[in-house]
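Labels below follow one simple rule: chain letters A, B, ... track the order of the sequence lines, proteins then strands, and each chain is numbered from 1. Values reported hereafter were calculated over all heavy atoms of this structure, with side chains retained and with hydrogens, waters and symmetry mates removed.
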Amino acid sequence: MYIYDSVQKIKREFIPLEKDKVSLYVCGPTVYDDAHLGHAKSALVFDLLVRVLSANGYDVTYARNITDIDDKIIKKAKEQNKDIKEITDFYTSSFHKEMAQLGVAKPDIEPKATENLEAMIELIQTLIDKGHAYPTSEGDVYFDTHSDSEYLSLSKRVQDEDDKQERVESSSLKKNQTDFALWKSVKEEYNGLPVSSDKDGFKPSSVIYDSPFGKGRPGWHLECSAMIEKHLAKQNSEFAIDIHGGGADLLFPHHENEAAQTRCGTNHALANYWMHNGFVNINNQKMSKSLGNSFFLKDALKEYDGEVLRFYLLSTHYRSNFNFTKEDLATSKKRLDKIYRLKKRLFGMTCSNDTTHFMDELLKALSDDMNVSSALALVDEMISKANETLDSADKHKQLKKDTLANLAYIETILGFGVKNPFEYFQFGIDADTKTKIDDLIVQRDEAKKEKNFEASDKLRDEILAFGVSIMDTPQGTFWEKSNI
RNA sequence: GGUGCCAUCGCCAAGUGGUAAGGCCGCAGCCUGCAAAGCUGCUAUCCCCAGUUCAAAUCUGGGUGGCACCUCCA
């Protein structure tokens, strides 16, 4: 297995901290709004990584967090006059549903900020004790970036003494421009929001928490360091975990800060390998609210089968920037269709347990920093060969068995072709229409039997009018929803 | 302004020193009552210039053109 390490900027052979085991932590969503295609891309990339690692025989422990303490959540709660928990529960739930539609497996651990307050407070205290953090007179606690000689080693940035890039008014109480908040004290703007009580523990519905540093809430970067240490970290090890992943934008400052916190607050570095997935743009523009081109997953899923989106978003290398267009998505659907057509062709037949050359090659391609393009080229070649042989030798039992085994392997490792092929091709057609189409097909078959082609062609036109295409096969007549 | 990434057929996209994968689209053919699906065949010397090398899309330097991060962000 080879992984491109985005900190060392080279492809490295993957060697786990502990034999046959992998610990993976990925930065998940902040649950204050619907997930967009970018969230989908990140979740899909690391879902694929887990599958490939598992196929290589590793026992993977995968954690992806839910950020449920955040300024944006507070803002939304105030705007909509709702309880914080109502907001976070709603978006956490929709995130889960949408991920399931994309075929993204649940992570083994899904830690939430609200459930790990103690671990975060403990880490802050340690950082203060070790001289890496300091409280201010306003009750905030900052990480002292100048106390960490390795700060900026992750993003390879140069400390800019002139602060030329400063665009946001910073608190004058910070010692250094790059210092970031570990604890944010309660400010005016959050008055009126509920406060948790020590006695009941930390109430998730609250947004303001008690701490030795005063009432407030943890800074964003802190949760990942604290939760990794609590849920995943290997002690007495040079690194807390094997792999840390997330979107390309998180490298700085988020991951830089996480790394600093862990480095200074524990006895090891954060991660041995860092992986960052590229961005999703829409028609060559970055998705953003100001441009009004955010493409929410829930909207995409109304129009397309989740698996088509999965195929499309995974079809190019995870590190490249991804430009979403409907045309390319339609192309991806055609490619996925081919998998399902072959599956349909072999429907109901028995599968072998053999390991094929194809499987070895596929795993090899994916084990090379997840080279999906090469993997898909192998898939297309396998499909073509299988179809070719089936065209000339339909009785080839071993080929059928092996082909089914190959398709099953594609399902497991890539998550493509997992549905019933007949249902897949009828996505978006309601039951009523299905019945009508089936009736017309019966009528057409009768007309065909009588060689009344004029009538059968007329019936076909009626069927096509539903936006479907039909195909006559030795097994009978089938229909599919037409591609647009 | 700082840092970094990218530039391969009409479109999408692998390949990072040994002579250009794959898909979509298109054209021709096989199959089919006709279709659809499937199959076969055909389609690029890799943004420009210079250099290193027996050999470069792949390395170096210089251009040109995109993009990202530096502020919340997957």
Checklist entry - Taking atom P of B:G4 as reference, at what distance in whole Å does atom CD of A:Glu256 sit? => result 14 Å
Checklist entry - Can you name the closest pair of heavy atoms from A:Val186 and A:Ile208 and give their distance? => result CG2-CG2, 3.1 Å
Next on the checklist: Side chains of A:Trp220 and A:Asp71: any donor to acceptor distance under 3.5 Å?
Outcome noted: no
Next on the checklist: Among A:Thr178, A:Asn257, A:Asn176, which residue satisfies the side-chain hydrogen bond (donor to acceptor under 3.5 Å, both in side chains) criterion with A:Tyr151?
Outcome noted: A:Asn257
Checklist outcome for this item: Mate of B:C69 across any strand shown (Watson-Crick or G-U wobble, both atom pairs under 3.5 Å) is B:G2
Strictly under 3.5 Å: I want the nitrogen or oxygen pairs between protein and nucleotides 25-27 of chain B, one per line.
{"unit_1": "B:C25", "atom_1": "OP1", "unit_2": "A:Lys334", "atom_2": "NZ", "d": "3.3"}

Item to check | Touch class at under 4.0 angstrom, heavy-atom based, for A:Lys72 against every strand present | outcome: sugar-phosphate
Item to check | Donor-acceptor side-chain pairing of A:Thr356 and A:Asp402 below 3.5 angstrom | outcome: no
Checklist entry - Between A:Phe416 and A:Tyr340, does the ring centroid distance fall short of 6.0 Å? => result no
Next on the checklist: What verdict does the side-chain contact (heavy atoms from CB on, under 4.5 Å) test give for A:Arg341 and A:Ile383, after you've listed the backbone C-alpha separation in whole Å, the side-chain angles of each residue and the deciding distance to 0.1 Å?
Outcome noted: CA-CA 9 Å; A:Arg341 289 224 174 81; A:Ile383 292 172; over 6 Å; no
Item to check | N/O donor-acceptor pair, side chain A:His317 with base B:A14, under 3.5 angstrom | outcome: no
Item to check | Identified pairing partner of B:A13, criterion: Watson-Crick or G-U wobble below 3.5 Å | outcome: none
Item to check | Strand partner of B:A50, provided both Watson-Crick or wobble distances fall under 3.5 Å | outcome: B:U60
Next on the checklist: Counting only side-chain heavy atoms from C-beta out, which of B:C67, B:A14, B:C73 sits nearest to A:Asp249?
Outcome noted: B:C73
Item to check | B:G26 versus B:G33 - spacing of their C1' atoms, nearest Å | outcome: 27 Å
Next on the checklist: Please classify the nucleic acid contact of A:Phe279 as base, sugar-phosphate, or nothing, using heavy-atom distances under 4.0 Å.
Outcome noted: base
Checklist entry - Hey, do the aromatic rings of A:Phe358 and A:Tyr409 have their centres closer than 6.0 Å? => result no
Next on the checklist: If I take atom CG in residue A:Leu390 and atom P in nucleotide B:C30, what distance separates them, rounded to the nearest angstrom?
Outcome noted: 22 Å
Checklist entry - Is the closest side-chain donor-acceptor distance between A:Asn116 and A:His231 under 3.5 Å? => result yes
Item to check | Atom P, compared across B:C48 and B:C11: separation rounded to whole Å | outcome: 15 Å
What does the list of N/O pairs under 3.5 Å between the protein and nucleotides 58-60 of chain B look like, with a distance for each?
none

Checklist entry - So, is A:Asn371 near the phosphate of B:G15, with a side-chain N or O under 4.0 Å from OP1 or OP2? => result yes
Next on the checklist: Need one value for A:Gly38: base, sugar-phosphate or nothing, where a base atom within 4.0 Å counts as base even if backbone is also close, heavy atoms only.
Outcome noted: base
Checklist outcome for this item: Heavy-atom closest pair (A:Glu258 atom, A:Ile228 atom, distance to 0.1 Å) is OE1-CD1, 4.3 Å
Item to check | B:U58 versus B:C49 - spacing of their P atoms, nearest Å | outcome: 12 Å
Checklist entry - Under 6.0 Å between the ring centres of A:Tyr304 and A:Tyr312? => result no
Item to check | Side chain of A:Glu381 (C-beta onward), nearest among B:G22, B:C24, B:A74 | outcome: B:G22
Checklist entry - Now, which nucleotide makes the Watson-Crick or G-U wobble pair with B:G33, with each of the two distances under 3.5 Å? => result none
Next on the checklist: Without decimals, in angstroms, what is the distance between A:Asn323 CG and B:A68 P?
Outcome noted: 11 Å
Checklist entry - Is the NZ or CZ atom of A:Arg12 positioned over A:Tyr273's six-membered ring, under 6.0 angstrom from the centre and within 45° of the axis? => result yes
Checklist entry - For A:Val280, which contact category applies under a 4.0 Å heavy-atom criterion: base, sugar-phosphate, or nothing? => result base
Item to check | Base-contact (B) and sugar-phosphate-only (S) positions in nucleotides 31-40 of chain B, heavy-atom cut-off under 4.0 Å, - elsewhere | outcome: --BBBBSSSS
Checklist entry - Taking atom P in both B:C54 and B:G1, what distance in whole Å separates the two? => result 41 Å
Checklist entry - Under 4.0 angstrom, heavy atoms only, what part of the nucleic acid is A:Ser42 near: base, sugar-phosphate, or nothing? => result sugar-phosphate
Next on the checklist: When both hydrogen-bonding distances must be under 3.5 Å and the geometry is Watson-Crick or G-U wobble, what is B:A20 paired with, if anything?
Outcome noted: none
